[in-house]
Amino acid sequence: MNVVEFDQATLRIGNHLVLADISLAIKGGEFIGVLGPNGAGKTTLMRAILGLLRPSAGNIRVFGRTPRRGDALIGYVPQVRTVAPELHVRGLDFIASSVRGGRWGLPKLGHVDRKMIDESLAAVGAVDLAGRPLTDMSGGERQRLLLAQALLGEPGLLLLDEPLISLDQRYQETIIELVGRFAGERNITVLFSAHELNQLIGALDRVLYLGNGRAALGTVAEVVTSPVLSKLYGSDIDVVHADGHVFVLSRGRHIEHHDHLHADHAHSRDRQRHA
Ligand SMILES: Nc1ncnc2c1ncn2[C@@H]1O[C@H](COP(=O)(O)OP(=O)(O)O)[C@@H](O)[C@H]1O
Ligand SMILES: [Mg+2]
């Protein structure tokens, strides 16, 4: 069964055309790496799958239905994550807050299903984070907690929007391995957006490249080629294979690294922490 289907879907933000006439189908249990430079539309695509943005033309279907907000079958880790430093919220309270739907409402623990929370914490190896305040966690630990939160309600689809961006390499590998393993065990479909293909190459089944308002979905061998990516981006792209890695270059520069700058508070804090 297809979990996500786009049928000639066009996504606009205001008057701005983000993705035009996209058709694609993602099957149950697939791990899809969503790639493309900043501004390519990765976040917009996920927001449309969540029902937060309707296509201006065409159709999107998720689990065979029109996307609707708050679908319990979808777990989501959004790209922008800020933790108000004055909130000395424990990991457990943070997760509990999402059980009742409100992101920042902090319910009393008796009101939430503690067993469900413990199971999702265990799935990402984060049981010990329950009692610690978020402000004391490293980027990698916080990311595990967010993953645990996204796993509540046993989703069939996980949308992870650049979960690696503020992490150093060791934590990046751990997160990829973790997601690959628990999604594989539970047959969860994963859309995992990232800037770097090589990190994900061992975990993914297919890649979805976005660029220039267009999309290309297929295996790495099908999509990550000079002709396909040059057509997608409308400019000459070189694909270089070296050392078991694939490098996508535009005029000698990695396309993923173009405009790859995020003024993210958590980011700079983590850098200091791991320095
Ligand atoms: N709230 C917004 N208002 C106007 N334009 C936006 C907004 N959010 C995103 N965009 C634009 O939509 C395009 C796609 O953005 P986005 O989906 O965030 O890309 P990505 O996640 O791949 O970096 C970009 O050109 C971006 O500038
Ligand atoms: Mg984004």
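Both backbone and side-chain heavy atoms feed into the values below; hydrogens, waters and symmetry mates do not. Just follow the structure's listing: the first ligand is 1, and inside any ligand the first atom is 1. Worth saying up front: this structure is predicted, and the values here are computed from it rather than measured.
Heavy-atom contacts from other residues, nucleotides or ligands closer than 6.0 Å to CG of Asp128 number more than 12. Atom CG of Asp7 is surrounded by more than 12 heavy atoms from other residues, nucleotides or ligands within 6.0 Å.
Using a 4.5 Å heavy-atom threshold, the side chains of Ile237 and Ser230 count as touching.
Contacts between His16 and ligand 1 below 4.0 angstrom, taking non-hydrogen atoms only, involve the side chain exclusively. Only the side chain of Val18 comes within 4.0 Å of ligand 1, judged by heavy-atom distances. By the criterion of a heavy-atom distance under 4.0 Å, both the backbone and the side chain of Asn38 are placed next to ligand 1.
The protein does not reach atom 27 (O) of ligand 1 closely, with no heavy atom under 4.0 angstrom from it. Of the protein's heavy atoms, at least one falls inside 4.0 Å of atom 2 (C) of ligand 1.
In this structure, Asp71 pairs ionically with Arg65, as a charged nitrogen and a carboxylate oxygen lie closer than 4.0 Å. Arg206 and Glu222 are not joined by a salt bridge, as no carboxylate oxygen comes within less than 4.0 angstrom of a charged side-chain nitrogen.
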Between Asp161 and Ser193, is the side chain to side chain donor-acceptor pair (under 3.5 Å) condition met? List the steps. CA-CA 5 Å; Asp161 198 357; Ser193 72; 2.8 Å; yes
Please assess Tyr76 against Arg47 for the test side-chain contact (heavy atoms from CB on, under 4.5 Å), listing each intermediate value before the final yes or no. CA-CA 10 Å; Tyr76 179 42; Arg47 288 175 53 80; 4.2 Å; yes
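The Mg ion (ligand 2) does not have Asn38 among its coordinating residues (no N/O/S atom, backbone or side chain, under 2.8 Å). In summary, Gln79 places an N/O/S atom under 2.8 Å from the Mg ion (ligand 2), meeting the contact criterion.
With hydrogens left out, the protein atom closest to atom 5 (N) of ligand 1 is Ile13 CG2, 3.8 Å, a heavy atom. Of all protein heavy atoms, the one closest to atom 15 (O) of ligand 1 is Thr44 OG1, 3.8 Å. Among protein heavy atoms, atom 18 (O) of ligand 1 sits closest to Thr43 CB, 3.7 Å.
Between Phe192 and Phe31, the ring-plane angle classifies as parallel under the 30° and 60° cut-offs.
Of the candidates Gly39, Gly36, Gly41, Gly39 brings a heavy atom nearest to atom 24 (C) of ligand 1.
Ligand 1 lies less than 4.0 angstrom from a heavy atom belonging to Ala40.
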